[in-house]
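Position 1 is the first residue of the sequence; numbering continues from there.
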Amino acid sequence: MKKIALLFTLLCTLFTGTSFAKNEPAEEIQEIDNSIIIARISNEDIQVSIPSPIFSFTDAEIKLKFINPEHTKLLLNKNKIEFIINGEPTILEFVNGEAGFKHRFDTSKNLSIYAEDFSFSKNVTVYPLWAILIPVIVIVLYLLKRMLTKK
């Protein structure tokens with residue numbers, strides 16, 4: 001009986017050390033340089049500047065500025081980053097952490113900018129051409145009336 005128990009123990013220890021799984025050659029392990037961490041672009045990284053007032057008949061200059069002009073994403077992409085502006089992909093080139101683009105608000109009063117974890121959306125107040133012309137015309141007519149009635 002002792003021989004059977006010894007044989008059983010020996011077999012159990014033999015099989016626990018072996019695996020029936022398919023042995024594949026180990027993949028080459030690439031060394032990763034952990035000294036450079038590429039940060040994702042988030043809302044805390046970029047400031048958006050929109051001019052005021054905005055007119056529907058002219059292009060508005062929208063500016064984006066990285067708070068840290070040495071952001072790792074800028075360095076990695078050679079100062080070019082792709083944004084989705086109002087649904088269209090646009091590549092902006094940053095100089096000293098700043099970039100700008102022109103947008104005309106004639107059809108839509110919404111501005112949305114997305115890139116990675118960064119999102120910006122704002123409804124802007126757009127003034128049409130008649131909002132400027134009517135007060136100017138009223139003032140000119142008033143001045144003409146005053147000048148003609150004084151004589």
(message) Counting C-beta onward and ignoring hydrogens, is there a side-chain heavy-atom pair between Phe118 and Val48 closer than 4.5 Å?
(response) yes
(message) With side-chain contact (heavy atoms from CB on, under 4.5 Å) as the criterion, how do Ile62 and Phe120 come out once you've worked through the C-alpha distance, each side chain's angles and the decisive distance to 0.1 Å?
(response) CA-CA 12 Å; Ile62 313 297; Phe120 178 84; over 6 Å; no
Report all side-chain donor-acceptor pairs from residues 79-86 shorter than 3.5 Å, counting only partners two or more places apart or in another chain.
{"from": "Asn86", "atom 1": "OD1", "to": "Ser112", "atom 2": "N", "distance (Å)": "2.8"}
{"from": "Asn86", "atom 1": "OD1", "to": "Ser112", "atom 2": "OG", "distance (Å)": "3.2"}
{"from": "Asn86", "atom 1": "ND2", "to": "His103", "atom 2": "NE2", "distance (Å)": "3.2"}
{"from": "Asn86", "atom 1": "ND2", "to": "Asn110", "atom 2": "O", "distance (Å)": "3.4"}

(message) What's the separation between atom CD1 in Ile139 and atom CG in Leu144, rounded to the nearest 0.5 Å?
(response) 12.0 Å
(message) Working to the nearest 0.5 angstrom, can you tell me the gap between Asp117 CG and Asn43 CG?
(response) 8.5 Å
(request) Calculate, to the nearest 0.5 Å, the distance between atoms CG and CD1 belonging to Asp59 and Ile54 respectively. (result) 11.0 Å
(message) Nearest 0.5 angstrom please: Asn68 CG to Ile46 CD1, how far?
(response) 11.5 Å
(request) Could you tell me the separation between the CG atom of Leu92 and the NZ atom of Lys63, rounded to the nearest 0.5 Å? (result) 13.5 Å
(message) Between Asp45 and Ile67 (side chain of the first, backbone of the second, donor and acceptor by atom type, cut-off under 3.5 Å), is there such a pair?
(response) no
(message) Taking Leu133 as the starting point, is it possible to reach Phe57 by hopping between hydrophobic residues whose side chains are less than 4.5 Å apart?
(response) yes
(message) Check the orientation of His71 and Phe66. Use parallel for under 30°, tilted for 30 to 60°, and perpendicular for over 60°.
(response) tilted
(request) Examine Leu111 and Phe55 and state if one hydrophobic cluster contains both, with Ile, Leu, Val, Met, Phe, Trp and Tyr joined whenever side-chain heavy atoms are less than 4.5 Å apart. (result) no
(request) Ignoring hydrogens and angles, tell me if any N or O in the side chain of Glu116 forms a donor-acceptor pair with the backbone of Arg40 under 3.5 Å. (result) no
(request) Please say whether more than 12 non-hydrogen atoms of neighbouring residues, nucleotides or ligands are located less than 6.0 Å from NZ in Lys73. (result) yes
(request) Would you give the length of the straight line joining atom CG of Leu64 to atom CD1 of Ile41, rounded to the nearest 0.5 angstrom? (result) 10.0 Å
